[in-house]
Protein chains: 2
Amino acid sequence: MKSLEQRCVEHGLSMGRKRRLIIRVLSEAEGHLSAADLHRRVVALDRSISLATVYRTLTIFEEIGVLKRLDFGDRTMRYEEADKTPHDHLLDMTDGGVVEFQAPEVAALLAEVADRLGYRLKGYRLDLYATPVADR
Amino acid sequence: MKSLEQRCVEHGLSMGRKRRLIIRVLSEAEGHLSAADLHRRVVALDRSISLATVYRTLTIFEEIGVLKRLDFGDRTMRYEEADKTPHDHLLDMTDGGVVEFQAPEVAALLAEVADRLGYRLKGYRLDLYATPVADR
DNA sequence: ATAATTGCAAATGTTTTGCATATCG
DNA sequence: CGATATGCAAAACATTTGCAATTAT
């Protein structure tokens with residue numbers, strides 16, 4: 001699988017030391033990072049990297065399709081790798097945790113719904129809010 | 001159906017002139033209003049009503065369950081009446097329009113998906129992004 | 001050398017808040 | 001009167017941007 005860096009080069013981005021560092025942190029990170037999250041981690045390795053750079057990098061990476069921007073309804077955007085298999089999010093209301101899941105049937109149904117309305121589905125955004133079932 | 005004002009009284013809110021005015025504008029409005037939208041309309045009737053009051057009113061109304069807060073991913077929150085029949089939103093990518101639709105099958109499927117993950121579905125948020133089909 | 005990237009501080013845009021004043025019950 | 005609600009200006013935030021300085025190619 002192509003590395004983030006390779007994909008940057010393909011898009012004609014120059015690869016400075018700081019950008020490399022951000023890429024490294026991104027590659028090692030799990031889950032859904034906000035700009036502040038990422039900045040915190042990156043600053044731990046090089047305290048000269050500014051928040052503005054982190055924002056600019058995230059924006060660029062979203063534009064070249066390396067990251068996907070997530071919006072969970074609080075007012076901070078989060079990012080995740082774009083090339084993961086498509087999935088949606090279930091938000092655990094008891095602890096704020098995020099469970100990822102795949103549901104091809106859902107996508108199929110949504111496409112059909114859009115079709116009924118006279119539209120072609122280009123994408124969707126689905127977040128489930130749920131509480132864990134006790135017995136298990 | 002209970003009026004907004006009735007529901008406010010039930011929650012022990014006092015009903016000043018300005019709040020009544022905001023309620024009136026809200027009742028007559030259609031669709032998904034932002035705080036700025038609402039303020040614009042309200043100010044047309046009484047230019048002494050501040051944006052802060054509009055925000056405070058929206059927050060209160062959401063807390064007492066009269067309004068539902070919507071987040072379409074741009075960074076301004078919108079509100080709609082909470083007691084409308086449940087529905088989701090399809091966003092027309094060509095003109096930014098919002099089409100509301102009902103899809104009980106979707107809700108049913110989502111509940112089942114949550115169940116498979118060991119959760120009980122409490123709510124969800126679904127936005128479809130789509131383009132109109134030309135021929136029709 | 002030329003173009004891309006960055007830090008900093010200032011600017012944005014939305015929403016919230018402290019406090020004194022006005023209004024409600 | 002005591003409790004709420006409001007206006008105003010300032011504060012909070014997340015995010016973006018202008019510009020001069022640094023780094024990449």
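Computed from a prediction, not measured in an experiment: that's the story for all the values here. Chain letters run A, B, ... following the sequence lines, proteins first, then strands; residues in each count from 1.
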Between CD1 of I49(B) and C1' of dT6(D) the distance, given in whole Å, is 10 Å
* To do: Using a cut-off of 6.0 Å, state whether more than 12 heavy atoms not belonging to E30(A) lie near its atom CD.
  => no
Evaluate the side chain to side chain contact (heavy atoms under 4.5 Å, CB included) criterion for residues L90(A) and Y124(B): first the C-alpha distance (whole Å), next the side-chain angles of each, then the deciding distance (0.1 Å), finally the verdict. CA-CA 9 Å; L90(A) 180 152; Y124(B) 66 90; over 6 Å; no
Note: chain B reaches DNA chain C at heavy-atom distances under 4.0 Å over the stretch, first to last nt, 5' to 3', of dT14(C) to dG25(C)
Hey, any chance V133(A) and Y129(A) share a hydrophobic cluster, counting ILVMFWY side chains that come within less than 4.5 Å of each other, even indirectly? no
Check your understanding: How would you label the contact of S48(A) with the nucleic acid (heavy atoms, under 4.0 Å): base, sugar-phosphate, or nothing?
Key -> sugar-phosphate
*Verify the contact: side-chain N or O of T53(B) to OP1 or OP2 of dG7(D), cut-off strictly under 4.0 Å; return yes or no.*
yes
Assert: residue with more 5' nearest nucleotide on DNA chain C, out of R17(B) and S14(A), is S14(A)
Of the listed dC8(D), dT25(D), dT4(D), the closest approach to the S50(B) side chain comes from dC8(D)
note: D71(B), atom CG; dA14(D), atom P; distance rounded to Å ~ 15 Å
In whole angstroms, the gap separating P of dT23(D) from CG of D46(A) amounts to 11 Å
Between OH of Y55(A) and C1' of dT16(D) the distance, given in whole Å, is 9 Å
Need one value for R56(B): base, sugar-phosphate or nothing, where a base atom within 4.0 Å counts as base even if backbone is also close, heavy atoms only. base
Those residues at least two apart in sequence (or on a different chain) that pass side chain to side chain contact (heavy atoms under 4.5 Å, CB included) with R69(B) are R75(A), E62(B), M77(B), Y79(B)
Taking only side-chain nitrogens and oxygens of R75(A), does any of them come within less than 4.0 Å of OP1 or OP2 of dA14(D)?
-> no
Ranking A52(A) and R19(B) by the position along DNA chain D of their nearest nucleotide, the one closer to 5' is R19(B)
From CD of E63(B) across to P of dA5(D) the rounded distance in Å is 12 Å
Q. With side chains defined as the heavy atoms from C-beta onward, is the minimum distance between V66(B) and E81(B) less than 4.5 Å?
A. no
Using distance only, find each side-chain donor-acceptor pair of residues 92-106 of chain A under 3.5 Å and give its atom names and separation, not counting sequence neighbours.
{"from": "D92(A)", "atom 1": "OD1", "to": "T94(A)", "atom 2": "N", "distance (Å)": "2.8"}
{"from": "D92(A)", "atom 1": "OD1", "to": "T94(A)", "atom 2": "OG1", "distance (Å)": "2.5"}
{"from": "D92(A)", "atom 1": "OD2", "to": "Y119(B)", "atom 2": "OH", "distance (Å)": "3.2"}
{"from": "D95(A)", "atom 1": "OD1", "to": "G97(A)", "atom 2": "N", "distance (Å)": "2.8"}
{"from": "E100(A)", "atom 1": "OE1", "to": "K84(A)", "atom 2": "NZ", "distance (Å)": "2.8"}
{"from": "E100(A)", "atom 1": "OE2", "to": "H32(A)", "atom 2": "NE2", "distance (Å)": "2.9"}
{"from": "E100(A)", "atom 1": "OE2", "to": "K84(A)", "atom 2": "NZ", "distance (Å)": "3.2"}
{"from": "E100(A)", "atom 1": "OE2", "to": "H87(A)", "atom 2": "NE2", "distance (Å)": "3.4"}
{"from": "E105(A)", "atom 1": "OE1", "to": "R116(B)", "atom 2": "NH2", "distance (Å)": "3.2"}
{"from": "E105(A)", "atom 1": "OE2", "to": "R116(B)", "atom 2": "NH2", "distance (Å)": "3.2"}

For L45(A) and R24(A), the nearest pair of non-hydrogen atoms, with its separation, is CD1-NH1, 4.3 Å
Residue pair K18(B)/R20(A) against DNA chain D: nearer the 5' end by closest nucleotide is K18(B)
